[in-house]
Amino acid sequence: MLWGCFSAKGPGHLVRIHGKMDSTAYLEILAKNLRSSIKDLKMGRHFIFQQDNDPKHTAKKTKAWFKRQKIKVLQWPSQSPDLNPIENLWKELKIKVHMRHPKNLDNLEKICMEEWAKITPETCAGLIRSYKRRLLAQFTNNLQKHYEALIELEKAIKNSRKLDVLCRDFEQEKVCYLPLNMFLLRPLHRLMHYKQIMERLCKHYSPNHVDFRDTRAALAEISEMLAQLHGTMIKMENFQKLQELRKDVTGIDNLVIPGREFIRLGSLSKLSGKGLQQRMFFLVEESDDEWGVPHCLTLRSQNQAIVVAASSQAEIEKWSEDIHMAIGLAEKTGGPVPELMASSPPDGSK
């Protein structure tokens, strides 16, 4: 096993680890090699040390050592992919060492040291420059899976009473100031807010301002992320609207399903025997032909389809007969024929 470090100025020390690696051994390596690497690379005091969440890296005495040495350590979230750029150096080192066919452990150590010394400052600097791009790519990839994660959470809540109670309890906590599904949408909303802030700052700063170039670069990066997440953001906004609608609609348990797109919610007047009566209607678009509730009627034109549901099978059949009759009368009188089809599958079949 090896321990090594590097910066944009080049590779630091490389050390062979004998025996088991624990927090005590890790501290000994840091004490003997980290400071000397910093000095050799002429990094000064203003740098940030990065490591993963290995237990020996996050042990209390390890944290205390960094604090005493006044070394700032990059905070790394738990359960996150390891994006430490040194992994790229380890990969390159393994390839180079494998090509030389080491014969034993001592020969392996010698070859590792020789190949490590051949790593150029340009290679190290390139890894540091590309770090932000790779980190943003991983962040974007995670957000693109956000919608699927929320759909799976919705299914799990429906199938587990215990999980449902747990989520409802969490929503009562101060830390969750919104319904859980809306709370989980906040990372996407923040990106839009950050973009607006950057746009205002770019308009506010003059081109000669010390922060103008960095602000414009940040705006370009956020704009690129939002462009990649455009489709996901539309799905997420649609998910949020359907969730809000579900609270106001009774009798439809599966309102939020993949492929269902919310279009409009509003008040219309229904013509009945008592005259015009105001009713609230919502319009959604389906990606397939099944609504998922009984007594459905699908009205289709060339460009869109509207699905309505009746209270009984007899009522939906009456609606279907009246629509077909209206189409027939229009055809006989030579009037405009609406491009309309009606279907009322009692069991959801086509």
Side-chain angles (χ1 to χ4, degrees), residues 1-63 65-66 69 71-142 145 221:
M1 185 183 295
L2 299 171
W3 177 93
C5 63
F6 84 103
S7 77
K9 296 184 177 182
H13 291 190
L14 184 68
V15 182
R16 178 182 174 182
I17 300 171
H18 297 272
K20 184 179 179 180
M21 179 72 156
D22 54 18
S23 57
T24 301
Y26 183 57
L27 287 178
E28 291 179 0
I29 290 174
L30 292 176
K32 294 179 180 179
N33 297 278
L34 183 56
R35 278 296 182 189
S36 56
S37 295
I38 294 169
K39 183 178 179 180
D40 292 345
L41 294 171
K42 300 179 181 180
M43 296 178 60
R45 297 178 177 271
H46 303 290
F47 66 91
I48 299 176
F49 184 71
Q50 181 181 357
Q51 57 185 359
D52 58 28
N53 286 322
D54 188 282
K56 56 183 169 287
H57 298 166
T58 57
K60 290 183 178 179
K61 56 182 179 181
T62 303
K63 292 181 179 180
W65 184 88
F66 281 113
Q69 298 295 319
I71 296 176
K72 186 177 181 180
V73 179
L74 180 67
Q75 295 297 318
W76 205 243
S78 59
Q79 303 299 325
S80 62
D82 188 1
L83 292 173
N84 193 327
I86 200 172
E87 295 298 329
N88 298 81
L89 284 189
W90 292 135
K91 181 179 179 180
E92 183 177 340
L93 181 64
K94 288 178 182 178
I95 294 174
K96 297 293 186 181
V97 170
H98 179 73
M99 293 173 62
R100 294 182 60 178
H101 305 290
K103 298 178 181 180
N104 50 54
L105 287 179
D106 291 335
N107 185 231
L108 174 62
E109 179 182 0
K110 179 177 180 293
I111 292 174
C112 287
M113 296 298 175
E114 291 174 354
E115 294 298 332
W116 182 263
K118 295 178 183 178
I119 297 175
T120 64
E122 290 75 19
T123 299
C124 297
L127 289 175
I128 298 299
R129 284 195 301 269
S130 65
Y131 177 69
K132 183 189 295 184
R133 174 180 53 79
R134 289 184 287 112
L135 187 62
L136 290 176
Q138 183 64 49
F139 183 58
T140 303
N141 183 58
N142 290 341
K145 298 177 181 178
E221 291 173 352

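Computed from a prediction, not measured in an experiment: that's the story for all the values here.
With sequence neighbours excluded, no residue forms a side-chain hydrogen bond (donor to acceptor under 3.5 Å, both in side chains) with Lys145. For Phe49, the ring-ring contact (aromatic ring centres under 6.0 Å, His included) test picks out Phe66, with sequence neighbours left out.
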Query raised in the report: When you look at Lys61 and Thr24, which way does the side chain to side chain donor-acceptor pair (under 3.5 Å) test go after all the steps?
Result: CA-CA 9 Å; Lys61 56 182 179 181; Thr24 301; 2.8 Å; yes

**Report entry** Leu34 vs Trp65, side-chain contact (heavy atoms from CB on, under 4.5 Å): CA-CA, chis, key distance, verdict
**Finding:** CA-CA 12 Å; Leu34 183 56; Trp65 184 88; 4.2 Å; yes

Requested in this report: Evaluate side-chain contact (heavy atoms from CB on, under 4.5 Å) for Asn84 paired with Asp52, printing each intermediate quantity in order.
Outcome: CA-CA 7 Å; Asn84 193 327; Asp52 58 28; 5.7 Å; no

Requested in this report: Test side-chain contact (heavy atoms from CB on, under 4.5 Å) on Glu92 and Thr123 and set out the steps.
Outcome: CA-CA 11 Å; Glu92 183 177 340; Thr123 299; 3.9 Å; yes

Requested in this report: Show the numbers, then the answer: is there a side-chain contact (heavy atoms from CB on, under 4.5 Å) between Arg16 and Asp106?
Outcome: CA-CA 10 Å; Arg16 178 182 174 182; Asp106 291 335; 3.6 Å; yes

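The neighbour count for His18 NE2, taken as heavy atoms of other residues, nucleotides or ligands under 6.0 Å away, is above 12.
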For residues 1-11, tabulate all N or O donor-acceptor pairs below 3.5 Å that involve a side-chain atom, not counting sequence neighbours.
{"residue": "Ser7", "atom": "OG", "partner": "Lys9", "partner atom": "N", "Å": "3.1"}
{"residue": "Lys9", "atom": "NZ", "partner": "Lys42", "partner atom": "O", "Å": "2.6"}

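Looking at Ile71, Leu30, Asp40 one by one, the single match for side chain to side chain contact (heavy atoms under 4.5 Å, CB included) with Arg35 turns out to be Ile71. Considering Gln51, His57, Lys56 as possible partners of Asp54, the one that fulfils the side-chain hydrogen bond (donor to acceptor under 3.5 Å, both in side chains) test is Lys56.
Taking both residues in full, the closest heavy atoms of Leu74 and Ile48 are given as N-CG2, 3.6 Å, listed atom of the first, atom of the second, then distance. Between Val97 and Cys112 the shortest heavy-atom distance is CG2-SG, 3.8 Å. Taking all atoms of both residues into account, the shortest heavy-atom contact from Cys124 to Ile119 is SG-CG2, 3.8 Å. Residues Gln50 and Pro85 share a closest heavy-atom pair of OE1-CD, 3.6 Å.
Remark: the backbone N or O of Thr58 is not paired with any side-chain donor or acceptor of Thr62 at under 3.5 angstrom.
Residue His13 holds its NE2 atom at 8.0 Å from CG of Leu41, rounded to the nearest 0.5 Å. Atoms CH2 and CD1, on Trp90 and Ile95 in that order, are 14.0 Å from each other to the nearest 0.5 Å. Note that the CD atom of Glu115 and the NZ atom of Lys94 stand 15.0 Å from one another [nearest 0.5 Å]. How far CD1 of Ile111 is from CG of Asn107: 4.0 Å, rounded to the nearest 0.5 Å. One distance of note links OG of Ser37 with CE of Met43; it measures 9.5 Å at 0.5 Å rounding. Distance CD/Glu28 to CG/Asp22: 8.5 Å, rounded to 0.5 Å.
The shortest side-chain heavy-atom distance between Lys118 and Lys96 does not fall under the 4.5 Å cut-off. Contact check for Lys32 versus Val15: no side-chain heavy atoms found under the 4.5 Å cut-off.
Using a 4.0 Å cut-off between a side-chain N of Lys or Arg and a carboxylate O of Asp or Glu, Lys110 and Glu114 qualify as a salt bridge.
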